[in-house]
Amino acid sequence: QVHLVESGGGLVKPGGSLRLSCAASGFTFSDFYMSWIRQAPGKGLEWVSFINVGGKTIYCADSVKGRFAVSRDNGKNSLYLQMNSLRAEDTAVYYCVRASPMGVFDYWGQGTLITVSS
Amino acid sequence: DIQMTQSPSTLSASVGDRVTITCRPSQNISTWLAWYQQKPGKAPKLLIYDASSLESGVPSKFSGSGSGTEFTLTISSLQPDDFATYYCQQYNTFSRGTFGQGTTVEIK
């Protein structure tokens, strides 16, 4: 079955960097668009980024544009999120999500918590 | 950006109740709408897509309807496992206003 496992989360100081990884299994990774979606503690869902099968970024939230970059390695069945210049407001659980080209999110990882604090 | 407004924000209901959640986008999105269920500490789960299509494996007690600027999610007979937060999501336009703010269904 479809399995998405995020890693790389943790505590980081404001201005710091972090790279999230997502290991995908149970489906042909190279056939699917992928996304990162985050959820701040006690808040709703925020779409962060969206990448097509070829590695082109289709969408990036204004709140992270210029600081975050999504990428993928189809040979390793992996999705990445490079996060730079982190701010307190980036504190959230980050979900790796499989998506349709239209943007329907059908499988979600368990999430990884990023805490940005001094 | 499209604004997605869900109502109510919180809904108190009893086991066996039929409940309806409404989602209103600020502009016409045809039927490009999905619904998700999220339980505390868990990832969201896709329930409905294209406004009314039931995702595989989702019980038929969940149903969606609507088009344009008004949509509803109905749970026909609330069970203990259904107490959760529900989000609508538009995919007509890639924008920051993708998700509604959520509706929490709690036990009365």
Side-chain angles (χ1 to χ4, degrees), chain A residues 1-6 9 20 22 24 26-27 32-52 56-65 68 70 79 89-90 92-113, chain B residues 1-10 21 23 25 29-58 62 64 71 73 84-106:
Chain A
Q1 71 277 25
V2 173
H3 213 46
L4 299 166
V5 179
E6 302 93 341
L20 302 184
C22 171
F27 65 103
F32 286 86
Y33 285 49
M34 296 295 295
S35 198
W36 289 99
I37 294 170
R38 69 183 181 182
Q39 186 170 36
K43 302 296 184 183
L45 300 167
E46 181 185 10
W47 193 17
V48 174
S49 64
F50 190 35
I51 188 168
N52 71 5
K56 178 182 177 181
T57 300
I58 302 299
Y59 171 78
C60 184
D62 287 343
S63 56
V64 306
K65 205 167 285 183
F68 289 12
V70 60
L79 178 72
E89 54 264 35
D90 296 320
V93 173
Y94 285 73
Y95 294 102
C96 168
V97 187
R98 194 180 84 167
S100 74
M102 285 292 293
V104 178
F105 306 118
D106 63 351
Y107 285 95
W108 299 59
Q110 84 287 352
T112 187
L113 176 63
Chain B
D1 289 341
I2 296 177
Q3 309 304 317
M4 304 294 288
T5 304
Q6 287 183 233
S7 60
S9 294
T10 305
I21 300 167
C23 179
I29 61 167
S30 184
T31 55
W32 304 122
L33 186 105
W35 290 97
Y36 301 84
Q37 176 195 65
Q38 186 178 33
K39 297 179 182 178
K42 301 294 187 183
K45 173 187 173 183
L46 176 65
L47 299 176
I48 302 279
Y49 61 96
D50 293 351
S52 61
S53 296
L54 197 66
E55 172 70 351
S56 175
V58 173
F62 293 96
F71 299 84
L73 172 71
T85 298
Y86 294 85
Y87 293 93
C88 63
Q89 177 233 342
Q90 66 82 17
Y91 45 99
N92 179 73
T93 308
F94 294 160
S95 83
R96 68 184 302 272
T98 290
F99 290 98
Q101 82 278 14
T103 294
T104 299
V105 178
E106 60 181 29

task = Show the numbers, then the answer: is there a side-chain contact (heavy atoms from CB on, under 4.5 Å) between Y49(B) and D106(A)?
result = CA-CA 9 Å; Y49(B) 61 96; D106(A) 63 351; over 6 Å; no

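- Judged purely by atom type and a 3.5 angstrom limit, Q38(B) has no side-chain atom pairing as donor or acceptor with the backbone of G44(A).
- Scanning both residues, G109(A) and A43(B), for their nearest heavy atoms gives O-CB, 3.2 Å.
- At distances below 3.5 Å, at least one donor-acceptor pair connects side-chain atoms of Y36(B) with backbone N or O atoms of F105(A).
- Here P44(B) is the residue among P44(B), G102(B), G41(B) with the most heavy-atom pairs under 4.5 Å with chain A.
- Here G103(A) is the residue among G111(A), G103(A), S100(A), S63(A) with the most heavy-atom pairs under 4.5 Å with chain B.
- The local environment of CH2 in W108(A) is crowded, with over 12 non-hydrogen atoms from other residues, nucleotides or ligands closer than 6.0 Å.
- The shortest non-hydrogen separation linking Y87(B) to Q39(A) is OH-NE2, 3.3 Å.
- If you measure heavy-atom distances from P41(A) to chain B, you find no contacts under 4.5 Å at all.
- Between M102(A) and Y91(B), the shortest heavy-atom distance links the atoms O-CB, 3.3 Å.
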